[in-house]
Amino acid sequence: MSFLYKYGFTDEEIDALKETLSKDMYSEMAFLKNIVSSNIEYLRDFGVTNYSQVFVKYPEIFMRDTESFQNVLGKFDKEDLIDKVLKNPTVIKKMVDYVDNN
Amino acid sequence: MERFEMMIDNGLVEFKSFLGKTKESISVLIDDIKSNIAAYEARIKDTEDEISDAEASSRTCEQEISRLQEKIKGLKKSIENVEKTYKKIVDAYSSTSEGNTKDIYSDIIENARENCEKDVEKNNIEIENLNDNIYGIKNNIKEFNSTIDRLNRDLSEYQTELAKYNRALQYMQKVYDGIIDDLSDIESGKNLRVKSSTRTTTAPVQIEQKEEEKSQSEPIEIEEVPETNTKEEELKRIYDLTGYKPEEKEPQSEIVNEVEQEPVYSGNLENLFLNSGVEDIKEETPTTQQMDSGFDENNLSEWEQMLNEKTITFDEPVPPSEEETVNQLLKPYGTTYETLLSLADDRIEFKDGTIIPVEIKIEDVINAVNQVDAIDLKSMKIVGPNTTLLKKIKKMKEEAM
């Protein structure tokens, strides 16, 4: 998980992430680190400043093709999304689930 | 707003009156919409709070389960110790006692055995109770999770309704502003712009006030707005204009038992062999010049040689390369072998720190594609083909280790 340091993740955040992830998810995330990195960069460049919080809480939403990830975020009003996610990172998980199930 | 043709004097007054009424109706509608929006926003906030509470309760329950499971572990250990103690006593008795000593020890051992059994019984009962508690807590967690799902569905519905109301509000504001402009234009005696519809460009109609040009102006018919229009009818008119329909619909849960198996390879196997590179058979024929060179016996041997010479050549069909083959298989999924290689790491790192180098070969990709099933197809629709295929390849590599 050392690739997360270059996105500004702290040791505490990476340790918390390791606690959250199951064995399978951990090895999947490490194997798909290029995809995960690309999505973290996209979310950061999108304007979500607390992307590290989002990632530690819901790492699974970053394990998808970048095109799919961009497609999910593109369905919502940008300013509204950034504002809501900043107040409560849970919102992004709800939005992803809403798009996946509809 | 619909298109009007007006008689200048009376028509102007009536148009002004109509605009005034419309202005009132629309401002009432705007107020309603604003209050609806506020109500939805409040409900969204409440729902989000409920979701947070439910999640916190769910986490507390999980912590309680862990604690109880630890306790069960401790109790089982106690039972083991008790049984070991009993065994030691029995062994000591059998190895040391004989004759009268045996009678003395037998009572002690019998009592010890009974005590051990009571302890074991007590611990087993406590374990059973704890397991019942765990079962109850797991049911609570299940209920919390279904509550969370229900609240999430409500939340998304509220958000959808909120978005619709916001759009309606924007439209209403626009119409309201337009009406205010029209009213001020009428009062100041400027040229009136009559709008043909809310969505098309307007065509200005100049209304001449002079008597001599009265005859040239077009007669304009007035649309009488019934005075008894209720708020609901006005709202319905606005909804019809905006195309907005405030319907309540149940969230549709996707029931996926079977995903239709599409013929993944339809047409692609044929494509594999389209570029097989079989070229036309070439045949050399004697040239005209040679034919016209005249026949004599000296040339006979030449002719015989020419005619008997095998000049037909067959080019070997060029088989497609392995990479072309795998890319043909990946084409329906919209990816390539090179893309998959670029997205995956060259090793698998496990949580315990173990690192295993891994290389994604063409045959790995082919095997993964051949084993794509309905679940994988569904996954591809959600997370994408690259992630799905790479996860599959990783799993196959781990199983092969």
Side-chain angles (χ1 to χ4, degrees), chain A residues 1-4 14-15 17-39 57-72 75-77 79-81 83-85 87-102, chain B residues 44-45 47-49 51-52 55 148-149 151-157 159-160 162-163 166 251-254 256 333-335 339-356 358 360 378-395 397-398:
Chain A
M1 290 291 164
S2 53
F3 72 95
L4 294 173
I14 292 177
D15 288 340
L17 181 67
K18 279 183 183 170
E19 289 294 312
T20 319
L21 289 173
S22 64
K23 277 194 305 187
D24 285 341
M25 268 197 73
Y26 182 96
S27 60
E28 266 177 13
M29 176 156 292
F31 186 61
L32 299 174
K33 71 173 189 190
N34 293 341
I35 292 179
V36 171
S37 298
S38 178
N39 290 337
K57 209 162 176 195
Y58 303 110
E60 67 277 7
I61 66 174
F62 291 79
M63 300 222 287
R64 54 176 62 210
D65 287 8
T66 304
E67 198 185 312
S68 167
F69 191 74
Q70 290 173 4
N71 186 42
V72 167
K75 287 201 168 6
F76 300 95
D77 178 69
E79 298 299 329
D80 193 39
L81 175 66
D83 182 52
K84 286 209 162 68
V85 172
K87 288 176 186 165
N88 182 6
T90 308
V91 165
I92 200 168
K93 171 73 172 145
K94 305 288 181 290
M95 288 174 171
V96 169
D97 288 345
Y98 174 76
V99 172
D100 286 349
N101 294 324
N102 288 290
Chain B
I44 285 172
K45 171 101 185 24
T47 306
E48 283 175 353
D49 289 341
I51 288 173
S52 302
E55 282 180 345
I148 288 171
D149 288 340
L151 290 172
N152 282 336
R153 284 197 294 272
D154 288 346
L155 179 67
S156 56
E157 280 176 22
Q159 283 169 341
T160 308
L162 179 65
N166 275 329
Q252 291 174 0
S253 61
E254 257 187 331
V256 177
Y333 304 111
T335 185
T339 305
L340 290 175
L341 281 185
S342 68
L343 293 174
D345 201 4
D346 57 359
R347 56 194 199 164
I348 300 177
E349 183 186 330
F350 295 95
K351 206 171 177 179
D352 60 4
T354 319
I355 295 174
I356 297 170
V358 74
I360 297 182
K378 184 170 169 5
S379 167
M380 284 183 189
K381 282 183 192 171
I382 295 172
V383 301
N386 293 320
T387 304
T388 308
L389 287 170
L390 285 171
K391 278 185 181 177
K392 204 164 181 75
I393 291 168
K394 175 190 166 282
K395 194 172 169 189
K397 288 275 190 197
E398 282 173 357

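Chain letters run A, B, ... following the sequence lines, proteins first, then strands; residues in each count from 1.
- For A:Tyr98, the part lying under 4.5 angstrom from a heavy atom of chain B is the side chain only.
- The CD atom of B:Glu48 sits 11.0 Å away from the CG atom of B:Leu151 when rounded to the nearest 0.5 Å.
- With hydrogens and angles ignored, the 3.5 Å screen pairs a side-chain donor or acceptor of B:Asn152 with a backbone N or O of B:Ile148.
- Nearest approach of A:Ile35 to A:Arg64, heavy atoms of both residues: CG2-O, 3.1 Å.
- For A:Glu67, no part lies under 4.5 angstrom from a heavy atom of chain B.
- For the set A:Lys94, A:Met95, A:Lys23, the entry with the most heavy-atom pairs within less than 4.5 Å of chain B is A:Lys94.
- Contacts between B:Ile360 and chain A at a heavy-atom distance below 4.5 Å involve the side chain alone, from C-beta outward.
- With a 4.5 Å cut-off on non-hydrogen atoms, B:Thr335 does not touch chain A at all.
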Would you give me the side-chain donor-acceptor pairs under 3.5 Å for residues 339-347 of chain B, sequence neighbours excluded?
residue, atom, partner, partner atom, Å
B:Thr339, OG1, B:Thr336, OG1, 2.7
B:Ser342, OG, B:Thr339, O, 2.7

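- The parts of A:Ser27 that come within reach of chain B are both its backbone and its side chain, each placing non-hydrogen atoms under 4.5 angstrom from that chain.
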Could you go through the side-chain hydrogen bond (donor to acceptor under 3.5 Å, both in side chains) check for A:Asn88 and A:Thr90 one step at a time? CA-CA 5 Å; A:Asn88 182 6; A:Thr90 308; 2.9 Å; yes
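- Across A:Asp65, A:Leu21, A:Asn34, the residue that shares the most heavy-atom pairs under 4.5 angstrom with chain B is A:Asp65.
- The nearest pair of heavy atoms linking B:Thr387 to A:Met63 is CG2-O, 3.6 Å.
- Only the side chain of A:Val91 has a heavy atom closer than 4.5 Å to any heavy atom of chain B.
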